[in-house]
Amino acid sequence: MKTKILTFLLLLSATTFLTAQTASENPYANNYIYWGYPTEYKAGQATAAFTVIDTMLQTYRPGKEIPLPRELALVSLDQLLHDTDNDGTDPFYAFINKRMLRVLEDLDRPVKKGLRIYKLYNDGFIIKSSKATVAIDMIPGGSDSKPFINDSIIFGIVGKCDALFISHFHPDHANLRVAKAFAANGKRVIAPKDLWVGVDSMIQPLAEHVETDIEFEDLDLTLHVLPGHQDNVYNNINVVEFHGVGTVAQTGDQWYCCDLDWIANVYKRYDIDVLMPNCWIHDMEEHIRGFAPKMLITGHENELGEHSIDHREAYWITMKKMEAMPNLNIPNVLMTWGEWYEYER
Ligand SMILES: [Zn+2]
Ligand SMILES: [Zn+2]
């Protein structure tokens, strides 16, 4: 009997402890006293950190050099995003949506010269010229039932884009809801071979996984798809040539040794201005030399997907990789979600 009472008391206290973790029950929350409420404490701390990081990134904007305050903001972001306690929490959603809302609003600002390149969640980019706005690997993140980026924001952004290019089928790059929204707006989606076949006439997977040129006369650009791979997965390397303005290349999840044979010579055929490589690509330096771009914008840092935290990839790791290539002399404009950079030839 004694044991039963003890078990009951233990269960009762466990239940009390668990329910005490909800934010509304801390009687001292308004005074910032969190004693006995560690989960609420961490949420408060994350909100404070995300807020100051956002402010610091807005103050120290992306550039070819990274000033110390900006570096601290990026490394602090790595810490927050590698702490799984913050996954799926309100402070995280507030942070990413605030930043993506800025992109939605800024897309109304015309580009007069050159290209404006926006960095989105994971490996997504939007490149805007005076005549075209194209998205590559744009996704809302999270799950379809609970995406990281609110539908009103992501579909608002879709409405301001003219085309979508997909590198490969992995869900951190390809999202059918987004692709269908482009198609519904009468915008073309170029996908790798075998992805979304027969879904919509505006969603156009390549017929073969070979080098393919696709003209967009109304947008004054040509898409050159190079047939890369992530292991045995077809991975389109999208080289977008904005006529007379600039050429950008996004590598998707390129990871295949033998492609380096031809990637080593890409520079002989294309004059690449900006290369957007996946930050964890193997042989980073060899790939960069193959494309010979004027500058880099790495992507894919802090993917909050299925991987354990050691493969989320951090901004500080990208910085270390770049420091390890002192002879390369090609700047990396390191950006996080919801930032942009104006490129001019
Ligand atoms: Zn992938
Ligand atoms: Zn990926």
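Numbering of ligands and ligand atoms starts at 1, following listing order.
- A salt bridge links Arg99 with Glu339: the closest approach of a Lys/Arg side-chain nitrogen to an acidic carboxylate oxygen falls below 4.0 angstrom.
- With hydrogens and angles ignored, the 3.5 Å screen pairs no side-chain donor or acceptor of Asp87 with any backbone N or O of Leu304.
- Put simply, Gln230 gets within reach of the Zn ion (ligand 1), with an N, O or S atom under 2.8 Å from it.
- The atom of Asp253 nearest to the Zn ion (ligand 1) is OD2, with the search restricted to N, O or S atoms.
- Put simply, Asp172 stays out of reach of the Zn ion (ligand 1), with no N, O or S atom under 2.8 Å from it.
- Taking the Zn ion (ligand 2) as reference, His173 places its N/O/S atom NE2 nearest.
- A donor-acceptor pair under 3.5 Å links the side-chain atoms of Lys321 to the main chain of Cys279, judged by distance alone.
- Backbone or side-chain N, O or S atoms of His170 reach the Zn ion (ligand 1) at under 2.8 Å.
- Note on His300: counted as a metal contact of the Zn ion (ligand 2), an N/O/S atom lying under 2.8 Å.
- No hydrogens or angles considered: nothing links the side chains of His229 and Asn235 as a donor-acceptor pair under 3.5 Å.
- Taken to the nearest 0.5 Å, the CD1 atom of Ile139 stands 9.5 Å off from the CD1 atom of Ile166.
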